There are 2 protein chains.
Amino acid sequence: MDASRIDQKLSEFARLSRERGLSITHQRLAVYRELLASGEHPDAETIYRGIHEKYPTISLATVYKALDTLLELGVITMVKSTDGIMRFDANTEPHHHLVCVRCGKLLDIGSEELGPLPALRSRLKGFKVLNYSIEVEGICPECQVKGQSTS
Amino acid sequence: MDASRIDQKLSEFARLSRERGLSITHQRLAVYRELLASGEHPDAETIYRGIHEKYPTISLATVYKALDTLLELGVITMVKSTDGIMRFDANTEPHHHLVCVRCGKLLDIGSEELGPLPALRSRLKGFKVLNYSIEVEGICPECQVKGQSTS
DNA sequence: TTACCTGCAAAGTATTTGCGCGTTC
DNA sequence: GAACGCGCAAATACTTTGCAGGTAA
């Protein structure tokens, strides 16, 4: 994400924080900025390491607390992963995921890249349907190269 | 799943085990049977509790080890969940999930219930596409009743 | 009989919590 | 100045591991 877009997101975060009476702290800004700048879907530990250079005194617990706050504000989302580690995503637009079954790499894909998708029924098994996302499994370019002999 | 289908699955498991030189133990059969009988997607603890009546001496560690073995045999799959707990699924057919955003309840849905879905491109962002699954978010009947005032 | 598997207990990893001090508003 | 949030360390929750005895083939 480019710098001006990030600033825009950060001030949106500030606005929401003020609205709810939450403090705008360096730590929360740093966590959110780190997540916005990353095209990946890092876990708490990775975010912590990324921030640590600029804020050597920040603690991992604070990163978890900041992520919690950002989730409550609705500016980030949680991403489930098969390895049992929580990953986070600053992209809150509806989108889909492309995941490598070999190395676990996870990329966002927009609806437009998937082509036209049908609208779902508004009710399924008694559930009121809100939205849906598609998880595409595949093999990433790197793993295709590495795994030519074993596939 | 009905009893005859379960027996069929269990003997398939026995066949695969023999093929790979793995022992067919009561504990593994019990774990697999529990998972087959459950329409839900239980976690290790839940499976353990379900088995415990019949096998009071089984340990939770054994349940984890049995689940590992079943995963390796490919007769069950892991299901990611937002709460950071691994859940398991004896349904290895390609299928989709319907999840309640309020209570986390998770149901399987077959492709036929979603209606016609378009074929995806065979390559996306350099990935070789293998397959995909759809996660539908919604509100389950129980939560619709409970949450009428708050929604 | 022999190799594999179980059950126990202890360790490991990811995440959460309590609390006194520091920071934001 | 008061409320809120941070950092530390300890606690918790889920899962994995090592090993001695037991079980399947």
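Every value quoted in this text rests on a predicted model; they were computed, and no experiment measured them.
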**OP:** Can you tell me the distance, in whole Å, between the CD1 atom of B:I58 and the C1' atom of C:dC8?
**Re:** 13 Å
Subject >> Sugar-phosphate only, base, or nothing, as touched by A:S23 at under 4.0 Å among non-hydrogen atoms >> reply: sugar-phosphate
Original post:
Closest to the A:A61 side chain: D:dC8, D:dT15, C:dG7?
Top reply: D:dC8
Original post:
What is the distance, rounded to the nearest whole Å, between atom CZ of A:F13 and atom P of C:dT24?
Top reply: 13 Å
**OP:** Establish, with yes or no, whether the OP1 or OP2 oxygen of D:dG7 is under 4.0 angstrom from a side-chain nitrogen or oxygen of A:Q27.
**Re:** yes
Original post:
Between A:E12 and A:K9, is there a side-chain N and carboxylate O pair less than 4.0 Å apart?
Top reply: no
Subject >> Short N-O contact, A:R20 and A:E72, less than 4.0 angstrom >> reply: no
Original post:
D:dG5 C1' sits how many Å from A:E72 CD, rounded?
Top reply: 13 Å
**OP:** Rounded off to whole Å, could you give me the OH-to-P distance for the B:Y55 and D:dT23 pair?
**Re:** 13 Å
Original post:
Which part of the nucleic acid does B:T25 contact within heavy-atom distance under 4.0 Å: base, sugar-phosphate only, or nothing?
Top reply: sugar-phosphate
**OP:** Report the distance from atom CE of B:M86 to atom C1' of C:dT13, rounded to the nearest whole Å.
**Re:** 13 Å
**OP:** Starting at atom CD1 of B:I85, determine the distance to atom C1' of C:dT13, rounded to an integer number of angstrom.
**Re:** 15 Å
Original post:
Is a side-chain donor-acceptor pair under 3.5 Å present for A:D7 with A:S4?
Top reply: no
Subject >> Closest-nucleotide 5' rank along DNA chain D - winner of B:D43 and A:T69 >> reply: A:T69
Original post:
Closer than 4.0 Å, any side-chain N/O of B:S59 to the OP1 or OP2 of C:dT6?
Top reply: no
Subject >> SB check B:K80 B:E135 (cutoff 4.0 Å) >> reply: no
Original post:
Side chains of B:H41 and B:N91: do they bring a donor and an acceptor to under 3.5 Å?
Top reply: no
Original post:
Rounded to whole angstroms, how far apart are OH on B:Y64 and P on D:dA13?
Top reply: 13 Å
Original post:
How do B:H26 and B:K65 order along DNA chain D: which one's closest nucleotide is nearer the 5' end?
Top reply: B:K65
Original post:
Contact class for B:T57 (heavy atom, under 4.0 Å): base, sugar-phosphate, or nothing?
Top reply: sugar-phosphate
Original post:
Once you round it to whole Å, what is the distance between C1' of C:dT16 and CG of B:D83?
Top reply: 15 Å
